[in-house]
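Side chains are part of it too, since the values below use all heavy atoms of this structure and drop only hydrogens, waters and symmetry mates. Below, read A as the first sequence line, B as the second, and so on, with proteins coming before strands; counting in each chain starts at 1.
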Amino acid sequence: MTVSGSTTQGGILLDVDYVVTPDQKAHTVLYLRSDGKRTRQIVDDFLPYFYVDCTEEQLQSIMADDQVLAEWFLYSEPTKRILYEGGQLQPLQKIYGKQPWKVPQIRARFASRQIAFYEADIPFTHRFMIDHQIKGLEHLDLTTMDSTQTTWSPRVCSLDIEINNDLQDTFEELVEQAAYRVTAIGMSWIADGKLSSKAFILEEDNDQAEINLLQSIFDFLWQEVDPDIIVTYNGDIFDFPYLVKRLEVQGIDTRILSPYGDTIPQPPQFGNGWKIPGVLIFDLYKRTRWMYTDDGRKTLDSVALKLLGEQKIELDISHGELWQQSLTNSERMKTFREYVIRDARLTVQLWEAMDMPQWLEVIKICGGPPGDAMYFTERQAGEFLVFQVMFREGILIPRAPTAAEKKLRKKERISAMGGFVFDPIRDIASSVLLCDFASMYPTIIVGHNIGGESFRGAVGTLKDRFNSEPRTSMAMMQEELLASRFEVKEQLEGAITDDDKKRLKAYSWAIKIVANSTFGAYNFIGSRFYDTDLAGTITGLGREYLQTIGMRVEEFADGYKTIYGDTDSVFIETPLNEKIQQLWEKDDDSITHIPEIGQLLGYLHEGLPPEMKLELEDIAYRIIFHKGAKKRYAYVSALDKQVYIKGFEAIRNDFSPFAREIQEFAFERLLRSGDVASTKKEVIELIKKMLERSEDQIKREVSTYGPIRRNPAKYKSMTPAVSAFLHLNSHNDGRLNWRDYDFFPFIIIKGTSSQKNRARHPDLVSFDEIDLDHYIEEGLRSIGRFNLPISLDEAKGIEYRDIVSYFEE
DNA sequence: ACGTGTAATTG
DNA sequence: CAATTACA
């Protein structure tokens, strides 16, 4: 390992990239933040390689008659690696070569000779991270190539451009020509916890002024702000492509967009975003999918309103016109400046509000190159950590499936069975222990040494399907994650400052994400680790353990009963009424020592692998089930006295807030009082009061959101939300685009025909049109389902318009 | 573009 | 019944 021309001992690894030398060799570029300064280092002796299953002699004779191969090839070495499937040690040739991008072409020459190859589909920069066992965004020592954990936090800066246009065109149309002047650029950045903003505004309407503006912006960005991360809102489809194009139009070298001034920005590839070597870039819009906003859209304003609570500033004219007026009117200039700064500030504030710092923790844990890992899915992050462990242990990373293989998998797949769910045996119960397995599937994987290396096949007893040697990569990875999560939890208990707590919580969250995401990969057709038999064995073990626990509860002592459970949880009814009553009456939420609980948990742990831990999650003073329906319950905690609702309509976003409030109130009253008759009265009182609210408030509360997932024409069965969109669109001459909405708000208006004919956008509904009966019934219907006699008929004593007339008839 | 299990509504 | 959704 040689770092050529190294001027530094090391630093925070911001990203990895590579350049090609004139003799067609790949040199790795490490981008670092070293003692606060930006620096890059070249590694000149890390080469692309992969493994082939043949002898040295074979390799030589192939090389002799294959010109393409010989040209790429540099040297080879005999080696041994463990095969992922079956875990056998295999002698192989490790072959090194020149250009990384030629690997697919080179491996094909072995495939055509029926020679097996391995790890020929790991991208070069990924290979670098894995082979050096290093982590991004952590401190990298260049002399030892070791990563160490730091508490470093990046400098984040937002970038937002304005152009002289009324934005009637689509982003694509604007970018196509880049015909309009850049009139302003806003930046907002956080350094040492302090937020600063700056607006650069074009003050004259001529080319030279625009050129000067564009140049000064990047001087300022790289000299003064010096960001590690540039964050935008829609920057991938607008700000970056527009800027690059506009720089070209004005004859400015696009390399000013690089902190080193010598590389050009790279457009998105494989679903990534724009890249500028040396700085990380992220478009926040990418993470707003399926976010609930008030108007159902995902503009910066809608998302900022939702997450930052900041109201939109309404402009009476377009951005372009505002800029034009600002050239001669200082008041307008002030407004324009405020507007530019505001958008930049909101964008940088969203970075935190959208929990992006937490995702940086995932990047650190998984060890992927930060520029790519920024765009990883949770599964990809989990898999990358497995790659890191596999390399360390000398196990070959399985090949990614081709498109054809994925298609075949989809066709032939027999999905693994999932978790087991108990039928609730009560409508209502008290003194119930809510227990669950901590990280159930990860602990099963560790406890049984599960993985492709040890799997003997889906035959025989579940517990006997895995060899104990070799230790699998998945089990090792999960074991390490469980240990570090345990460590973080201990640190968290000792943490004093809010900053430390926040950092540790983010880290703990990230570990959990990475651990949990890998199990699902076994059942995912796109994964390298796809194996439904293996997945089925894990879930099968889970079902076995859960059912055993369920039975053991009742063997423990009289009065203990399993009344419900789902996948990794058991709800245990106990005879501890007096002690739990005492807990309930205590003001704080600490657990008074109840020896029976400890004894029960001890009893339940007998026979479990040591890694598996059944934990007491909460104690329900009272709990309600809808008998016969799984995954639905509500309880009040004897510890923190809060009401928790799971699965019911009261927490479902496809029910109106109006109906949800009715159900939530009913649960709240019933759980606390335990009295059906008084609850019933109180619910009726509540509905009366709700109907006395202002028309505006009621209208807001009956507005419900439904998703628009595809082109409305492609729906076989029209949902109210889609039909409300079509209705609104017909009032806008068909100009609306369904893609602008993730969730579309609608209100059902009075009438007798089907809902799809009565769904309207709230703006097109007057209060008198609202079908209030529909919404009251929605609320009452869900209460009626408690199996507790609060029926619809009884509740019809409510006095209000239509129901009054119903009684008069 | 991690997984399965489940309940509910609409037409 | 199928289609659709959102939850655990």
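Residue Tyr715(A) has a polar side-chain atom (N or O) positioned under 4.0 Å from OP1 or OP2 of dT5(C). The shortest distance between the side-chain N/O atoms of Ser517(A) and the OP1/OP2 oxygens of dC2(B) is not below 4.0 Å. Taking 4.0 angstrom as the limit, Asn653(A) places none of its side-chain polar atoms (N or O) nearer than this to OP1 or OP2 of dT5(C). A close approach under 4.0 Å does not occur between any side-chain nitrogen or oxygen of Lys631(A) and OP1 or OP2 of dG5(B). Look at Arg709(A) and you'll find a side-chain N or O under 4.0 angstrom from OP1 or OP2 of dT5(C). When the side-chain nitrogen and oxygen atoms of Arg652(A) are compared with OP1 and OP2 of dA7(B), none of them lie within a distance under 4.0 Å. Residue Arg413(A) places at least one side-chain N or O under 4.0 Å from the OP1 or OP2 atom of dT4(B). Listed pair Arg758(A) / dG11(B) fails the phosphate criterion, with no side-chain N or O lying under 4.0 Å from OP1 or OP2. Regarding contacts with the backbone of dA8(C), every side-chain N or O of Tyr564(A) stays at 4.0 angstrom or more from both OP1 and OP2. Using a 4.0 Å cut-off, no side-chain N or O of Thr719(A) falls inside it from OP1 or OP2 of dT4(C). Checking the phosphate oxygens (OP1, OP2) of dA8(B), no side-chain nitrogen or oxygen of Arg781(A) falls inside 4.0 Å.
Comparing Arg379(A) and Val421(A) against DNA chain B, the residue whose closest nucleotide sits nearer the 5' end is Arg379(A).
Using a 4.0 Å heavy-atom cutoff across all strands shown, Ala521(A) reaches no nucleic acid atom at all. Contacts of Arg543(A) with the nucleic acid, taken as non-hydrogen atoms under 4.0 Å apart, are absent. In this structure, Tyr705(A) reaches neither bases nor backbone, as no heavy-atom distance under 4.0 Å exists between it and the strands shown. Residue contacts shown for Ala535(A) are absent, as no nucleic acid heavy atom lies under 4.0 Å away. At a threshold of 4.0 angstrom between heavy atoms, the contacts of Tyr644(A) with the nucleic acid are absent. Nucleic acid contact class of Gly565(A) (heavy atoms, under 4.0 Å, all strands): none. Residue Phe420(A) is classed as having no contact, given no heavy-atom separation below 4.0 Å to the nucleic acid. Counting any heavy atom pair closer than 4.0 Å across all strands shown, Gly418(A) reaches sugar-phosphate atoms only and no base atom. At the heavy-atom level, Pro707(A) lies under 4.0 Å from the strands shown only through sugar-phosphate atoms. Using a 4.0 Å heavy-atom distance criterion, Thr377(A) is classed as a sugar-phosphate-only contact. Backbone-only contact: Met417(A) has heavy atoms under 4.0 Å from sugar-phosphate atoms and none from a base.
Comparing dA7(B), dG3(B), dA6(C) against the side chain of Phe524(A) picks out dG3(B) as the nearest. Of all nucleotides listed (dA3(C), dT6(B), dA8(B)), dA3(C) comes nearest to the side chain of Ser717(A).
The distance from the OG1 atom of Thr288(A) to the OH atom of Tyr292(A) is 14.0 Å, given to the nearest 0.5 Å.
By the 6.0 Å and 45° rule, Arg710(A) stacks over the aromatic ring of Tyr715(A). In this structure, Arg287(A) satisfies the cation-pi test against Trp359(A), with its NZ or CZ atom closer than 6.0 Å to the six-membered ring centre and inside 45 degrees of the ring normal.
Atom NZ of Lys406(A) is separated from atom P of dC2(B) by 10 Å (rounded to the nearest Å). Per the geometry, CD belonging to Glu649(A) stands 12 Å off P belonging to dA8(C), to the nearest Å. Rounded to whole Å, atom P of dA6(C) lies 12 Å from atom CZ of Arg660(A).
Side-chain contact annotation: Ser569(A) with Asp566(A), donor-acceptor N/O pair under 3.5 Å absent.
Across Ala659(A) and Glu778(A), no two heavy atoms sit closer than the pair CB-OE1, 3.3 Å.
Atom CD of Glu85(A) has 12 or fewer neighbouring heavy atoms from other residues, nucleotides or ligands inside a 6.0 Å radius.
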